[in-house]
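Single-structure report; data block below.
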Amino acid sequence: MKETAKESEAHLSLQEEESKKAEQEAAKQEEKRWRHTYSDRPGLVEALSASTMPELTLLRQNMGLAGVSSLKKQELVPVLAEALLLRAPALFQLLDLVQYQWLKKTIADGGLRFVGEEENHLWRELETVGWVFRGTFPAGKTVFLPQELAALFERFDQEGLGQVAARNEQWTRLTTGLLHYYGVLSTEEIKAFLETLTGKEVVEEEILGVLSWYRLYSDGDIACGEGLWWDWRVDDVEAVREEQELRSSLPFAAFSYEQLYAAGKADFVEEYPAFQELLEVFQGNWELDRQVARELAAYSVEMIRNDKDVSLLLQELGEALEFPNMEVVQGLTKALISLHNETPLWVLKGHAPQELRLQGVEDRHLDLVKKKQPVVNADKIGRNELCPCGSGKKYKKCCGAN
């Protein structure tokens, strides 16, 4: 039975009320985590003892400790403390430069970092591995490194942790850049690319550890599974990989170290000529501010890289933007076709269709417009007007024929 407008409004109101209650409960639980007060920085055992059993259980699970689930709190605390100190040196080798610098500065400030109302993803990520704890000190809400962990970090820092962190930063930035352009790569392919780009040998076990840490505990916008790594925006990993493997004779597109390192930065958007053209169409016809127009253009690139038809993308944009006249539709269609031609595609191993077409390569992904044509509101299109699909035919003899 179809829901009435009144019932729909009541249902929406109930959802909003439940959402508000959930937010309030989450805020209440978050506040409880600052419940312990300290005058001096505590040691590891004291910090662990101040945690609740559910918090210790979560830490145990994050550490992957087996055979200790039946232990009571007073038995579990020393086991966790010992395991944290034993594992820390190996994990220090996985830190990226931002994490390394945060830890170094915090330790230099006495192992304490006043947080106040500021959100900081860094300490929250390090909290999940048991290196950082919360408490309320005389200065207010503070996160701290227990004395034993801080001393251990300083000891290993003297052996070159900073250089290792810089190397990790290089690896993760370049890998993120590679996945930005290629979409999906195997661990072996990433290793080979990194060795070529850096001119140094890369140990597979080390790169696996660094990338896994980056994905779980840092800003890494990458995902992995079954020996493959991919950009977080890839919709269908298997489909992209299949298309790449079908083109075994096509080498991966060549990008410089500088291009890949730049593309590895968070929220990177490459504003090539076709992207700029699309920005101008959005801003000129809908008077969007640059940031909104940029987001729409970036979304268009993402859809094209995910092998979506230009026609389908035009339909989606039509749902978000009102098309005032056919001239605007035709201009937008032209800009989207240019974007498709100039965008490095994941299925083409980072090559842009226009680039391969100029080289004489034959491939179904080089078509300007795929078989499925744009569908727009027929009431707004005169039958004798040019079809918005860009065919050059009149609408009544093209898309309007159906």
Side-chain angles (χ1 to χ4, degrees), residues 29-63 65 73-74 76-169 209-210 213-214 216-219:
Q29 293 302 319
E30 172 71 11
E31 192 62 30
K32 279 185 177 179
R33 301 195 69 180
W34 303 96
R35 63 192 176 278
H36 292 287
T37 58
Y38 302 100
S39 55
D40 297 308
R41 178 172 49 141
L44 183 56
V45 170
E46 184 182 350
L48 288 168
S49 299
S51 303
T52 64
M53 192 59 184
E55 290 167 352
L56 294 178
T57 299
L58 181 60
L59 176 58
R60 171 181 62 78
Q61 291 170 343
N62 288 340
M63 294 173 67
L65 283 181
K73 182 177 177 180
Q74 61 269 28
L76 182 59
V77 164
V79 172
L80 288 175
E82 182 181 7
L84 283 168
L85 293 173
L86 284 173
R87 295 180 178 209
L91 297 181
F92 290 156
Q93 305 296 319
L94 306 178
L95 295 171
D96 63 31
L97 200 55
V98 175
Q99 292 172 325
Y100 167 80
Q101 290 170 344
W102 188 91
L103 284 167
K104 193 172 178 68
K105 185 178 186 308
T106 301
I107 291 170
D109 292 338
L112 304 171
R113 179 65 68 95
F114 175 66
V115 294
E117 299 301 319
E118 182 183 353
E119 283 286 337
N120 190 326
H121 66 89
L122 277 173
W123 66 259
R124 291 180 184 276
E125 288 154 357
L126 296 175
E127 180 183 42
T128 64
V129 292
W131 291 358
V132 166
F133 294 82
R134 309 187 198 194
T136 301
F137 286 70
K141 292 177 180 176
T142 304
V143 294
F144 64 91
L145 271 78
Q147 298 162 2
E148 300 93 327
L149 281 169
L152 198 59
F153 179 90
E154 288 184 303
R155 194 180 99 202
F156 279 88
D157 191 29
Q158 293 174 356
E159 299 175 11
L161 271 185
Q163 292 178 339
V164 173
R167 179 207 65 180
N168 296 346
E169 180 80 8
V210 169
W213 174 276
Y214 179 64
L216 291 171
Y217 302 117
S218 191
D219 278 337

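As the structure is a prediction and not an experimental result, all values here were calculated from the model.
Residues Trp131 and Leu44 form no side-chain contact, since every pair of their non-hydrogen atoms from C-beta on lies 4.5 Å or further apart. Within the 4.5 Å cutoff, side-chain heavy atoms of Val115 are placed close to those of Trp34. Thr106 is not listed as a side-chain neighbour of Val132, based on a closest heavy-atom distance of 4.5 Å or more. Side-chain atoms of Lys141 and Arg134, non-hydrogen and from C-beta on, never get closer than 4.5 Å to each other. Between Leu94 and Gln99, every side-chain heavy-atom pair lies at or beyond the 4.5 Å cut-off. Counting only heavy atoms from C-beta outward, the side chains of Leu48 and Leu59 approach each other to under 4.5 Å.
Every residue two or more places apart in sequence or in another chain that forms a side chain to side chain contact (heavy atoms under 4.5 Å, CB included) with Gln29 is listed here: Glu25, Lys32. The side-chain hydrogen bond (donor to acceptor under 3.5 Å, both in side chains) test applied to Arg167 returns Glu206, not counting sequence neighbours. Applying the salt bridge (charged side-chain N to carboxylate O under 4.0 Å, His left out) rule to Lys105 yields the partners Asp109; only residues at least two apart in sequence or on another chain are considered. For Gln163, the side-chain hydrogen bond (donor to acceptor under 3.5 Å, both in side chains) test picks out no residue, with sequence neighbours left out. Listed by chain and residue number, nothing satisfies the side-chain hydrogen bond (donor to acceptor under 3.5 Å, both in side chains) test with Trp102 (two or more places apart in sequence, or in another chain). Residues that satisfy the side chain to side chain contact (heavy atoms under 4.5 Å, CB included) test with Gln101, not counting sequence neighbours, are Leu97. Annotation: salt bridge (charged side-chain N to carboxylate O under 4.0 Å, His left out) contacts of Arg113 (sequence neighbours excluded): none.
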Trp213 vs Val129, test: side-chain contact (heavy atoms from CB on, under 4.5 Å). Steps then yes/no.
CA-CA 11 Å; Trp213 174 276; Val129 292; 4.2 Å; yes
Would Glu148 and Leu84 count as a side-chain contact (heavy atoms from CB on, under 4.5 Å) if you check the C-alpha gap in whole Å, the side-chain angles of each, and the deciding distance to 0.1 Å?
CA-CA 10 Å; Glu148 300 93 327; Leu84 283 168; over 6 Å; no
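Although no hydrogens or angles enter the test, the distance criterion places no donor-acceptor pair under 3.5 Å between the side chain of Asn168 and the main chain of Val210. Side-chain atoms of Lys73 come within 3.5 Å of backbone atoms of Ser49 as a donor-acceptor pair (strictly under, hydrogens ignored). Not a single donor-acceptor pair under 3.5 Å links the side chain of Arg41 to the backbone N or O of Leu112. Under a 3.5 Å cut-off, the side chain of Thr142 and the backbone N or O of Gly140 do form a donor-acceptor pair.
Atom OG1 of Thr57 sits about 11.5 Å away from atom CG of Leu65, to the nearest 0.5 Å. With rounding to the nearest 0.5 Å, the separation of OH in Tyr217 from OG1 in Thr128 is 5.0 Å.
Between Gly43 and Pro146, the shortest heavy-atom contact is C-CB, 3.9 Å. Residues Tyr38 and Pro42 share a closest heavy-atom pair of CE2-CG, 3.7 Å. Scanning both residues, Gly130 and Leu149, for their nearest heavy atoms gives O-CD1, 3.5 Å.
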Which donor-acceptor pairs under 3.5 Å do the side chains of residues 152-162 make with protein atoms, sequence neighbours left out?
{"unit_1": "Asp157", "atom_1": "OD1", "unit_2": "Tyr100", "atom_2": "OH", "d": "2.6"}
{"unit_1": "Asp157", "atom_1": "OD2", "unit_2": "Tyr100", "atom_2": "OH", "d": "3.3"}
{"unit_1": "Asp157", "atom_1": "OD2", "unit_2": "Lys104", "atom_2": "NZ", "d": "2.5"}

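Among the candidates Val79, Leu86, Leu85, the single residue satisfying the side chain to side chain contact (heavy atoms under 4.5 Å, CB included) test with Glu82 is Leu86.
For the salt bridge (Lys or Arg N to Asp or Glu O under 4.0 Å) condition, the pairs that include at least one residue of residues 45-61, sequence neighbours left out, are Arg33-Glu55, Arg35-Glu55.
Ring orientation note: the planes of Phe144 and Phe137 are nearly perpendicular, at an angle over 60° on the 30°/60° scale.
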